[in-house]
Number of protein chains: 2
Amino acid sequence: MDRKTATIQDVARVAGVSTATVSRTLSKPSVVAESTREAVLSAVAETGYRINSTASNLRRQRTGSVIALIPNLANPFFSQILAGMSSVLAPAQLGLLVADTQTGTDPEARLADFLQSGQADGLVLFDGTMSPGALDLPGRPPVLMACEWMGGDLPSIRVDNARGAEMAVAHLADVGHRAIGHVTGPPGNVLTETRLSGFQRGLTRHGLQARADWVFGGDFSMDSGAAAARRWLALDDRPTALFCASDEMAIGFMGAVQHAGIRVPEDLSIVGFDNIDVVAHLTPALTTIRQPRTVIGVRAAELLVDMIDAGSLTGPSEVVEVEFIPRKSVAPPRAARG
Amino acid sequence: MDRKTATIQDVARVAGVSTATVSRTLSKPSVVAESTREAVLSAVAETGYRINSTASNLRRQRTGSVIALIPNLANPFFSQILAGMSSVLAPAQLGLLVADTQTGTDPEARLADFLQSGQADGLVLFDGTMSPGALDLPGRPPVLMACEWMGGDLPSIRVDNARGAEMAVAHLADVGHRAIGHVTGPPGNVLTETRLSGFQRGLTRHGLQARADWVFGGDFSMDSGAAAARRWLALDDRPTALFCASDEMAIGFMGAVQHAGIRVPEDLSIVGFDNIDVVAHLTPALTTIRQPRTVIGVRAAELLVDMIDAGSLTGPSEVVEVEFIPRKSVAPPRAARG
DNA sequence: ACAAAAGATGAAATCGTTTACAACAGATTT
DNA sequence: AAATCTGTTGTAAACGATTTCATCTTTTGT
């Protein structure tokens, strides 16, 4: 049969028309006559022709794919976001390339490389730890920040992190906690900062004071949550409730304190952030702040596609709502019960 | 400065050489004279030239990327595998495209589409639920099966699932369990079948018998694990230990029974499969069978790249070792202790 | 019935590379 | 001194599509 895959030339020959007509039949069928359209389509079927996207892309000066640049690909937080992105990119005939920023030695150089390589029509950047100037490159494609963001006025999609943190604190205060601690993300990260400031605002709104020895530095990982728990255990005067800036840290924290014989929520209340899938199945199920990850992925892709279609480097920013998910890891403090 | 990005023509003009020489300087520097090489490189620097990969790919009849086809992109199990793949593909100048198979209506059609679209130089398929003939397409690129597999002699990478299951059962039997149950994956899945057969072989090796009412159908998800737990709770004559075919199901199962007041491991021992990150932080930490996901990703990419370089549709298969990870979710049964 | 508009098609240029081939210089062999 | 070889470079033809422009029919309007 066909040694090689058929080209548009083959189709044209079989259909008895020019390559221009074949191309038109496939891209804007309305402009070709009905009879020729049928001839072309049956020739396509006969030859098994598939459009060569590389050639098409070259001629049309595009690449047919977008890149999702993630801090760390191994982080399962992003898988659902990728799924959301994929669900809008696939119908738009765009491929989804993935790569991570924190893998090599120089993240900014890696970003610059992707921006200039011309491998993608657009880029979704999930890493906010770049210097603002890192995007000042001639001829770069549109970039959308997602989840994290950085200085400048880049279009972005994110949740209201401060508000989420405030909701967490509010709930803890409402059930009677006066001694509330916090486990933060890594220093310098925007999510760390906004969630911390939301935490503090929540405290002051409830007439509480932040205590420096009650905020524990972490890095969003489970291990860092466990490490924070060990510092909490070593305290003489412990907070009775904790807001962790990520579910992963909450998991690590809760596991470590339970291991030490502390009961959650009887002895300690914990609230997480993200609502990753697993936390609903923990014992106790974790109370947390939900980030709608699928929605974030979908909207990120949609916003980026809009920018690509408009040929614009700028675009709107969007913030999607977080949601408080009450479960079983929060209870009134002992004092309030006793 | 530069309105558009510089092309090889621009570099050639600036360096005072032909485009052929520029191309050679960049691809095989050894064949051009030292002096011209310098001239070209400085012209490259001056113009800020970046090779246009689309044009290059078209000419070289390749695409510069590979696709990872995953059953469900939202499944975090794969994120670490992707990270492993990325770490070998990036240095090889190959992009990593991701897509899922179970999202649309017809997974096989979707697979065929990817195979014929010419969007990738190779494909790693993580979904074994395809009919063996689904790959009989003319001119398709090399395909490597990973984790799952299907009939035929496709090159593949996977773990020894049966052996892993057998290790789990052996450990449970060794600590004294005689009543061991199993939560399976979805019907028809190769992992379901091999892990089930390993489970059964483990039982018979220890002189135990499989009981039909002690194997619970699941689908690898946490929810299905919780559902299985509810069936287990309804039993009059319960097994004292359970081997779950995935960590996710083990998490769901454990959460549900704990919620019902059952203590793990005192009342019930549980072993999982996969060793996903979170299980080390559960209470109790989950005993499980480790699949080296990063290694799987790395080797998958390496094997595929070998096939691509060799231009061959066939290649070796590899099975990587599983590892038994003892933690805290297994204890001798009550009878053996009392 | 004639001009003008509309509709359908094809010829050929173009996108930006890579590479087979030819050409040429200088060095080496006979 | 002619012939051969080696090393370096340029010319030009691909790769496979899309799209501008021109051409040739048909309709339509007056």
Side-chain angles (χ1 to χ4, degrees), chain A residues 2-41 43-44 47-65 93 116-121 139 141 311, chain B residues 2-41 43-44 47-65 93 116-119 121 139 141:
Chain A
D2 320 288
R3 262 269 146 270
K4 292 292 179 183
T5 63
T7 75
I8 200 172
Q9 314 272 1
D10 302 322
V11 178
R13 193 176 322 114
V14 171
V17 298
S18 73
T19 62
T21 300
V22 176
S23 179
R24 278 189 287 254
T25 307
L26 266 25
S27 53
K28 343 180 231 182
S30 61
V31 305
V32 311
E34 165 111 22
S35 56
T36 52
R37 193 190 317 153
E38 284 167 5
V40 169
L41 290 179
V44 166
T47 55
Y49 171 71
R50 297 290 313 259
I51 201 166
N52 178 318
S53 52
T54 306
S56 172
N57 287 335
L58 173 59
R59 177 58 228 243
R60 297 164 62 197
Q61 298 283 71
R62 38 164 271 164
T63 70
S65 43
Q93 299 281 58
Q116 303 196 307
S117 68
Q119 284 183 75
D121 298 327
Chain B
D2 320 290
R3 261 269 146 272
K4 291 292 180 183
T5 62
T7 74
I8 201 171
Q9 315 271 359
D10 301 322
V11 178
R13 191 175 325 113
V14 171
V17 299
S18 73
T19 62
T21 300
V22 175
S23 179
R24 278 188 288 254
T25 307
L26 266 25
S27 52
K28 340 182 235 179
S30 61
V31 306
V32 310
E34 166 111 23
S35 57
T36 52
R37 193 189 319 155
E38 285 167 5
V40 168
L41 291 179
V44 165
T47 56
Y49 171 70
R50 296 292 312 255
I51 200 166
N52 178 319
S53 52
T54 307
S56 171
N57 287 335
L58 172 59
R59 176 58 226 242
R60 297 164 60 196
Q61 298 282 73
R62 39 164 271 164
T63 70
S65 44
Q93 299 281 60
Q116 303 196 306
S117 68
Q119 285 185 73
D121 298 328

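The chains referred to below are lettered A, B, ... by the order of the sequence lines, with proteins before strands, and numbering in each begins at 1.
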Visitor: Run the side-chain hydrogen bond (donor to acceptor under 3.5 Å, both in side chains) test on Thr63(A) and Asn57(A) for me, step by step, so that the C-alpha distance in whole Å, both residues' side-chain angles and the decisive distance to 0.1 Å come before the verdict.
Guide: CA-CA 5 Å; Thr63(A) 70; Asn57(A) 287 335; over 6 Å; no

Visitor: Anything under 3.5 Å between a donor and an acceptor, one on a side chain of residues 20-31 of chain B, the other on a protein residue two or more places apart or in another chain? List them.
Guide:
residue, atom, partner, partner atom, Å
Thr21(B), OG1, Ser18(B), OG, 3.4
Thr25(B), OG1, Thr21(B), O, 2.6
Ser27(B), OG, Ser23(B), O, 2.9

Visitor: Starting at atom CD1 of Ile8(A), determine the distance to atom C1' of dC15(C), rounded to an integer number of angstrom.
Guide: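 In whole Å, dC15(C) C1' and Ile8(A) CD1 are 15 Å from each other.
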
Visitor: Donor-acceptor pairs under 3.5 angstrom involving side-chain atoms of residues 8-16 of chain A: please list them, not counting sequence neighbours.
Guide:
residue, atom, partner, partner atom, Å
Asp10(A), OD1, Arg13(A), NH1, 3.4
Asp10(A), OD1, Arg13(A), NH2, 3.3
Asp10(A), OD2, Thr7(A), N, 2.8

Visitor: Evaluate side chain to side chain contact (heavy atoms under 4.5 Å, CB included) for Val40(A) paired with Val32(A), printing each intermediate quantity in order.
Guide: CA-CA 10 Å; Val40(A) 169; Val32(A) 311; over 6 Å; no

Visitor: OP1 or OP2 of dG16(D) sitting under 4.0 Å from any side-chain N/O of Thr7(A)?
Guide: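 For dG16(D), neither OP1 nor OP2 has a side-chain N or O of Thr7(A) closer than 4.0 Å.
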
Visitor: So does Tyr49(A) get a side-chain nitrogen or oxygen closer than 4.0 Å to the phosphate oxygens (OP1/OP2) of dA17(D)?
Guide: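 The answer is yes; a side-chain N or O of Tyr49(A) sits under 4.0 Å from OP1 or OP2.
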
Visitor: Starting at atom NZ of Lys28(A), determine the distance to atom P of dA8(C), rounded to an integer number of angstrom.
Guide: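 Distance, rounded to whole Å: 13 Å.
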
Visitor: Could you run through nucleotides 7-15 of chain D and give me one letter per nucleotide, 5' to 3': B if any protein heavy atom sits under 4.0 Å from the base, S if only the sugar-phosphate is that close, - if neither?
Guide: -SBBB-BBB

Visitor: Ignoring hydrogens, what is the shortest heavy-atom contact between Ser117(A) and Ser53(B)? Give both atom names and the distance.
Guide: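 Result for this residue pair: O-OG, 4.1 Å.
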
Visitor: Starting from C1' on dT9(C), measure out to CZ on Arg13(A) and report it in whole angstrom.
Guide: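 The distance from CZ of Arg13(A) to C1' of dT9(C) comes to 19 Å, rounded to the nearest Å.
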
Visitor: Output the distance between atom CD (Gln93(B)) and atom CD (Gln119(A)), rounded to the nearest 0.5 Å.
Guide: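 So the CD of Gln93(B) and the CD of Gln119(A) are separated by 8.0 Å.
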
Visitor: Using a heavy-atom cut-off of 4.0 Å across all strands, would you classify Ser23(A) as base, sugar-phosphate, or nothing?
Guide: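 Base contact - Ser23(A) has a heavy atom under 4.0 Å of at least one base atom.
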
Visitor: May I have the distance from Arg62(A) (atom CZ) to dT19(D) (atom P), rounded to whole angstrom?
Guide: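 Going from CZ in Arg62(A) over to P in dT19(D) covers 11 Å.
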
